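Remember, predicted model here, so these are calculated numbers, not experimental data. Letters go in sequence order (proteins before strands), and every chain restarts at 1.
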Amino acid sequence: MPPGSSREDGVRRLSALFSKTLRDDPADAELASHRLLVRAGYIRRVAPGIFTWLPLGLDVLRRIEAVVREEMEAIGGQEVLFPALVPKEHYATTGRWETYGESLFRLRDRRGGDYLLAPTHEELFTNLVKGEASSYKDLPLILFQIQTKYRDEARPRAGVLRGREFLMKDSYSFDLDDEGLAGSYRRHREAYQRTFERLGLDYRIVSAVSGAMGGSASEEFLAPSDGGEDTYVSCPSCGYAANIEAAETAVPAASDPGDHPPIQILETPDAPTIATLLAAVRAAGIDVGASATLKNVAFTLHHPDGRTDGRTGGRTETLVVGIPGDRDVDLRRLEANVGGATVQPADLDGDDAPAGLVKGYIGPQGLGAEVRYVVDPLVVTGSEWVTGANQPGRHAAHVVMGRDFHPSGVLPAAEVRAGDPCARCGTGLELARGIEIGHIFQLGRKYTDAFALDVLGPDGKPQRVTMGSYGIGVSRAVAAIAEQSHDDKGLLWPAAVAPADVHVVAVGKGDQMAVATRLAEELEAAGRRVLFDDRGASPGVAFKDAELLGVPMILVVGKGLAGGVVEVRDRRAGTAAEVPVGEAVAFLAGGGGGPIR
RNA sequence: CGGGGAGUAGCGCAGCGGUAGCGCACCUGCUUUGGGAGCAGGAGGUCGCGGGUUCGAAUCCCGUCUCCCCGACCA
């Protein structure tokens, strides 16, 4: 008997349902999904980023979970369940006890042992497989779990969209070689496409940066939504799409660095910014725009280096990045491309300021060996710039890359803007926001190396296993669906995840309640999941709640009953049809009312 | 961590030196039933916490904690 049923007929009755709707919006909710999930009585907040699932919300969560599980099993995934509470040792092996930083919930047991609430389970999966799999015959292998995860987010937001406790499906593939890994990756990619289609989510697959996880190929599944936290670019012409952190844009052609006038030093007092610089060089007779200046921004990089012996480990370096002066640095993009290091703006005023860097007047030419100089891809060999002269009050013009300076590398650091040309076809890129609902990685051997995970090959020799890692945010998907699927009246659940198939409402003081009760029971017996508003509330309340709750079909037993008809409403389409009472159950159970359970 | 805002009933809010209030929700009774009903009665509060000023503090002062929003952060 489902929660909220008052009889053992399977019908879920609102009079007995624990969840209650709120007339007013909760004051702390900004996004529609958060507001509506709280108002409709699906979730309640316990602490920042920590929520209780009420009966209807739990129902939606479980429905999503079931779809995810089915699709994982369909590609041969085998379900396991790891503990959420794990001892430090497992994460110390890979250094993540340290490198995961402040987002890791750490705690201590009564004996002083360190534990953590797992934010992700690569280590445990790898270790488990090391203990259980010993032959190439055990591979390929896909294991998954649907588990509560913990991350001490700096700023949880928007209800279950970004919580500190959340439900996630994570799976891991173990293969003998790169080809096998590519196959496991592709199977996951296809399973994710099927999963999100079934969940009724609009999504985009975008190229991603693998970041601190290590590994190579990586794609994200983003649900387009203004409330999303990820920005991605997409090309309307060729279909290229990428997270902005991984976005590539067309770059200017390289040219011969020899074909330029010699460097000219300009006196530019009090011109430490691009705007003041432009005015100063104009006074010197050089009239250029901001895009012809080279802005050199200094950062301090902290490399954790996977240390396991203490918090103070790691290595620090000064990085100077050259980008066109008309653009800002995109710190997220830069950080996503520096291999797990943290990036902070360098302090050029303090006592520890790196030598040779003159604030406001940094140039790429003649920098000391103690700083690493790199350029954004937009800065190419043969390009000529107005830039700092590394002396207070002086800039240099006609500074040419490949002649006057030679960066040690290229790192994407400049902001990407709407309209920037697509790297593949040159069309102007579009920018949009999305919610990350899935992420697939080819991890490679980062974790199997750390744990020395080998199996014996057909030749009897040990072979290092290669891994993939794949996640779906199950609780986040509830918010993502709500975010994409609502109107001003309330939620609009896709049939596959709705907490019921039919919401039955009785309005009127005649036989309506009796007839509605009978229809609810018959519908339930016919395999429809029924939510029955048996409260006898006034019509306004009953209708508003039905719309707020978002069940796909609403059956109204009301004034039409006198004429022998009831009304069937399609919540999403906003349409309504009158159906003879005797045909109502067949109408709703006959395939037109959503999938059979 | 930086910037902004807020802590008063389950939810949304008012009150800003003189007995703790309103709307919704909740309980009882009667009426009402196609768009968040009406009447009558009722229950519910250490006004975030600590100190101070005052005859008297939700209200003024100092401190502190917490929460929300934006940014930083974030497989």
Base paired to B/G29 (Watson-Crick or G-U; both N/O distances under 3.5 angstrom): B/C39
Protein-nucleotide distance (A/D533, atom CG; B/G36, atom C1'), rounded to Å: 12 Å
Is the distance from OP1 or OP2 of B/A25 to the nearest side-chain N or O of A/R23 less than 4.0 Å? yes
For the side chain of A/D545, starting at C-beta, report the closest nucleotide among B/C11, B/G36, B/C69. B/G36
Of the non-hydrogen atoms in A/S19 and A/G41, which two are nearest, and what is the gap between them? OG-O, 3.1 Å
Using the C1' atom in both, what is the distance from B/G10 to B/C26, to the nearest Å? 9 Å
Mind calculating the distance between CZ (A/F51) and P (B/C67) to the nearest angstrom? 13 Å
Between B/A37 and B/C69, how far apart are the two C1' atoms, rounded to whole Å? 37 Å
d(CZ, A/R45; P, B/G12) in whole Å: 10 Å
By nearest atom, which of the nucleotides B/G12, B/A72, B/C68 is closest to the A/P48 side chain? B/C68
For B/G44, which nucleotide in any strand shown is its Watson-Crick or wobble partner with both distances under 3.5 Å? none
For A/D488 and B/G36, what is the distance between atoms CG and C1' respectively, to the nearest whole Å? 15 Å
Quick one: A/E153 CD to B/C73 C1', roughly how many Å, whole number? 8 Å
Using a 6.0 Å cut-off, check whether atom CG of A/D487 has over 12 heavy atoms from anything other than its own residue. yes
Given the rule in the side chain to side chain contact (heavy atoms under 4.5 Å, CB included) test, do A/L14 and A/L531 qualify, once you have shown the distances and angles that lead to the verdict? CA-CA 7 Å; A/L14 280 188; A/L531 190 60; 4.1 Å; yes
Say you pick atom P in B/U46 and the same atom in B/A9; how far apart are they, in whole Å? 8 Å
Starting from P on B/A25, measure out to CZ on A/R44 and report it in whole angstrom. 15 Å
A/D24 atom CG is separated from B/C24 atom P, nearest whole Å, by 10 Å
Looking only at atom C1', what distance separates B/U54 and B/C61, rounded to whole Å? 12 Å
Mapping A/D25 and A/G49 onto RNA chain B by nearest heavy atom, which one lands closer to the 5' end? A/D25
Between the side chain of A/R476 and the main-chain N/O of A/E436, is any donor-acceptor distance below 3.5 Å? yes
Taking all atoms of both residues into account, what is the closest heavy-atom pair of A/L181 and A/G444, and its distance? CD2-N, 4.1 Å
For nucleotides B/C16 and B/C1, find the distance between their P atoms and express it as a whole number of Å. 35 Å
Just checking A/R39: base, sugar-phosphate only, or nothing, at a heavy-atom cut-off of under 4.0 Å? base
Taking a pair to mean Watson-Crick or G-U wobble geometry with both distances below 3.5 Å, B/C22 pairs with B/G12
Taking OP1 and OP2 of B/C70, is either one under 4.0 Å from a side-chain nitrogen or oxygen of A/R155? yes
Taking any strand in view, what nucleotide pairs with B/C67 in a Watson-Crick or G-U wobble way, both distances under 3.5 Å? B/G5
Heavy-atom count around A/E79 CD within 6.0 Å, excluding the residue itself: above 12? yes
Aromatic rings A/Y203 and A/F196: how do their planes relate, parallel, tilted or perpendicular, breaks at 30° and 60°? tilted
Per-nucleotide protein contact string for nucleotides 28-35 of chain B (B base, S sugar-phosphate only, - none; heavy atom under 4.0 Å): -----BBB
Counting only Watson-Crick pairs (N1-N3 plus N6-O4 or O6-N4) and G-U wobbles (N1-O2, O6-N3), all under 3.5 Å, who is the partner of B/G17? none
When the P atoms of B/C62 and B/A20 are compared, how many Å lie between them, rounded to an integer? 25 Å
Is the NZ or CZ atom of A/R569 positioned over A/F543's six-membered ring, under 6.0 angstrom from the centre and within 45° of the axis? yes
Span that lies between the P atom of B/G36 and that of B/A25, in whole angstrom: 12 Å
How are the rings of A/F51 and A/H34 set relative to one another: parallel (under 30°), tilted (30 to 60°) or perpendicular (over 60°)? perpendicular
B/C73, OP1 or OP2 - any side-chain N/O from A/R157 closer than 4.0 Å? no
Nearest-nucleotide check on RNA chain B, A/P26 vs A/R164; residue mapping nearer the 5' end is A/P26
Could you tell me the separation between the CD atom of A/E30 and the P atom of B/G71, rounded to a whole number of Å? 11 Å
Mind checking the C1' distance from B/C11 to B/G44? Whole angstroms is fine. 14 Å
